[in-house]
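Report on the following structure.
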Amino acid sequence: MTQPPAGRGVRIVGTGSSVPDQTLSNADLEKILDTSDEWIQQRTGIKTRRVVDKAAGGGTIGLACNSLASAVANTQTDPKDLELVICASVTQEMHCPSAACRAAHHVGATNAAAFDLGAACSGFVYGLNIADTLLRQGRYKKIAVIGSDAMSTVLDYSERSVSILFGDASGAVILESVEDPSLGCIYQSMGADASNWQCLYLPTRQVDVPEVDKDNPIALGNLRMNGREVFKFAVKKFLAVIEDAVEQSGVNIDDISQLICHQSNLRIIESAREKLGLEKERVYVNIDRVGNSSAGSIPLCLDEMNQAGKIKKGEKVLFVAFGGGLTWASSLWQL
Ligand code: COA
């Protein structure tokens with residue numbers, strides 16, 4: 001569902017991010033799995049990824065706390081001005097309190113409401129869309145949206161078809177309500193279709209494991225994925241979501257300076273880029289360095305681009321994501 005911009009506008013005040021220090025390269029995976037650097041790079045574009053030190057207490061909450069702290073510091077935001085903190089994640093170590101509550105507390109956002117949002121890899125873009133809508137209504141003045149996932153904590157590293165794909169990361173953005181309604185999200189879409197949910201899921205009870213995977217040896221608490229099915233869905237949906245955003249918004253694709261998309265797999269990103277005829281410089285890629293970090297992926301890209309001066313005031317950028325659920329989302333911004 002979409003709404004034309006109304007009321008107030010929204011400005012991206014700034015961004016932050018956090019990735020673990022520890023790397024897990026394809027060469028490291030070759031030592032524990034029957035795989036090769038060549039296979040992984042050809043099929044996914046990934047060379048290495050960052051992973052938390054779980055034994056030392058690393059995880060999603062810590063990454064979320066650090067990325068929000070980095071966004072607060074980078075923007076010199078008074079944390080007491082934050083009125084809402086949303087954290088998108090599928091790998092929170094605790095469901096109560098939420099990772100958003102912990103991150104808000106960590107930075108001293110004592111006046112903020114906080115909640116977690118679960119839409120898998122689409123979660124951060126869902127969060128952006130919700131925050132923009134609340135800020136436009138004028139009920140909120142400043143909101144932080146975080147995407148944070150420690151995917152390495154939900155992977156079975158004896159399962160080569162899944163574990164090679166993912167890494168850990170978190171990113172955060174601080175948004176504020178402004179008078180000019182032309183600024184902020186000018187078109188948004190969100191969708192979900194659970195008819196094929198079994199191709200990407202994270203079970204915690206045996207009863208939820210579908211018949212097709214009953215003989216699958218992966219332990220509960222680990223991500224299960226039918227890579228081929230997800231690939232087919234992603235290639236089709238990624239393109240469809242971008243085309244929908246362009247058509248419905250009336251914005252010419254040539255006027256969108258950057259496509260900031262979920263780093264699922266380089267082949268999926270390249271397939272869409274080529275079909276749309278976009279130059280490489282207009283589609284940001286970091287999956288080679290960090291892997292697929294689910295809800296952390298897009299806000300990490302955004303922070304890296306922001307720090308590198310790749311997104312500028314006056315430009316239009318399009319965020320696009322898809323993932324477990326199956327879910328998808330787009331968010332077209334006038335910066
Ligand atoms: N190393 C070496 N060989 C591997 C392997 C690995 N890590 N993983 C699987 N293989 C093998 C398979 O056993 C299979 O062997 P076989 O032909 O002898 O049976 C062969 O490679 C092909 O397997 P398949 O699963 O069909 O590979 P694929 O080309 O579909 O690539 C993915 C696997 C996971 C890289 C790919 O399906 C993918 O990227 N899917 C989308 C996943 C995604 O984006 N998920 C996140 C969504 S947010």
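Note that the coordinates shown come from a computational prediction; the quantities given were computed from them, not determined experimentally. Counting starts at 1 for both ligands and their atoms, following the listed order.
Where the criterion is an N or O separation shorter than 3.5 Å, residue side chain and backbone included, His262 fails it with respect to ligand 1. Remark: ligand 1 and Asn292 share no N or O pair separated by less than 3.5 Å (distance only, no angle test). Polar contact check, Thr44 against ligand 1: no nitrogen or oxygen pair lies under 3.5 Å apart. The shortest N or O to N or O distance between Gly323 and ligand 1 is not under 3.5 Å. Considering backbone and side-chain N/O of Ser36, none are found under 3.5 Å from N/O of ligand 1.
Short contacts between ligand 1 and Asn265, defined as distances under 4.0 Å to a heavy atom of the residue, involve ligand atoms 38 (C), 39 (O). Taking every heavy atom of Ser264 and a limit of under 4.0 angstrom, the matching atoms of ligand 1 come to 44 (O). Near Met225, with a cut-off below 4.0 Å to any heavy atom, the atoms of ligand 1 are 34 (C), 42 (C), 45 (N). Below 4.0 Å from some heavy atom of Phe322 lie the following atoms of ligand 1, by number and element: 48 (S). If you number the atoms of ligand 1 from 1 as listed, the ones under 4.0 Å from a heavy atom of Leu165 come out as 42 (C), 43 (C), 45 (N). Each of the atoms 8 (N), 34 (C) of ligand 1 lies under 4.0 Å from some heavy atom of Ser161.
In terms of protein heavy atoms, atom 12 (C) of ligand 1 is closest to Arg160 NH2, 3.8 Å. Looking from atom 41 (C) of ligand 1 to the surrounding protein, the closest heavy atom is Gly227 O, 3.6 Å. With respect to atom 26 (O) of ligand 1, the closest heavy atom belonging to the protein is Arg228 NE, 2.4 Å.
For Ile268, every heavy-atom contact with ligand 1 shorter than 4.0 Å involves the side chain, none the backbone. With a heavy-atom cut-off of 4.0 Å, Thr35 touches ligand 1 through backbone and side chain alike. Contact annotation: for Trp39 versus ligand 1, heavy atoms closer than 4.0 Å belong to the side chain alone.
For atom 47 (C) of ligand 1, the nearest protein heavy atom lies under 4.0 Å away. Contact annotation for atom 32 (C) of ligand 1: protein absent (non-hydrogen atoms, distance under 4.0 Å). In this structure, atom 18 (O) of ligand 1 has its sub-4.0 angstrom surroundings free of protein heavy atoms.
Heavy-atom neighbours of His106 NE2 from other residues, nucleotides or ligands within 6.0 Å: above the threshold of 12. Within 6.0 Å of CG in Asp255 there are more than 12 heavy atoms belonging to other residues, nucleotides or ligands.
Considering Asp37, Ile164, Ile287 in turn, Ile287 is the only one that fulfils the side chain to side chain contact (heavy atoms under 4.5 Å, CB included) rule with Ile46.
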Assess the residue pair Asn26 and Glu30 against the criterion (side-chain hydrogen bond (donor to acceptor under 3.5 Å, both in side chains)); give the C-alpha distance rounded to whole Å, side-chain angles, the decisive distance to 0.1 Å, and a yes or no.
CA-CA 6 Å; Asn26 293 349; Glu30 279 177 349; over 6 Å; no
From CA spacing to verdict: side chain to side chain contact (heavy atoms under 4.5 Å, CB included), Lys275, Val235
CA-CA 11 Å; Lys275 283 182 188 139; Val235 165; 3.9 Å; yes
Before giving the answer on side chain to side chain contact (heavy atoms under 4.5 Å, CB included), spell out for Asp193 and Trp328 the whole-Å C-alpha distance, their side-chain angles and the decisive distance to 0.1 Å.
CA-CA 9 Å; Asp193 175 5; Trp328 57 91; 3.8 Å; yes
Please test Arg224 against Asp156 for side chain to side chain contact (heavy atoms under 4.5 Å, CB included), starting from the C-alpha separation and ending with a verdict.
CA-CA 9 Å; Arg224 293 177 194 224; Asp156 176 346; over 6 Å; no
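A donor-acceptor pair under 3.5 Å links the side-chain atoms of Asp116 to the main chain of Ala99, judged by distance alone. Remark: the backbone N or O of Leu135 is not paired with any side-chain donor or acceptor of Arg8 at under 3.5 angstrom.
Distances from atom 29 (O) of ligand 1 to the heavy atoms of Glu30, Glu38, Arg43 put Arg43 nearest.
Ionic pairing of Lys141 and Asp81 is not present here: no N-O contact between side-chain nitrogen and carboxylate oxygen is shorter than 4.0 angstrom. In summary, Arg273 and Glu270 engage in a salt bridge, as defined by a charged side-chain N under 4.0 Å from a carboxylate O. Of the charged side-chain nitrogens involved, at least one lies within less than 4.0 Å of a carboxylate oxygen, so that Glu176 and Lys142 count as a salt-bridged pair. Salt bridge Glu93/Arg102: absent, no basic N to carboxylate O contact under 4.0 Å.
No heavy atom of Ile40 sits closer than 4.0 Å to any atom of ligand 1.
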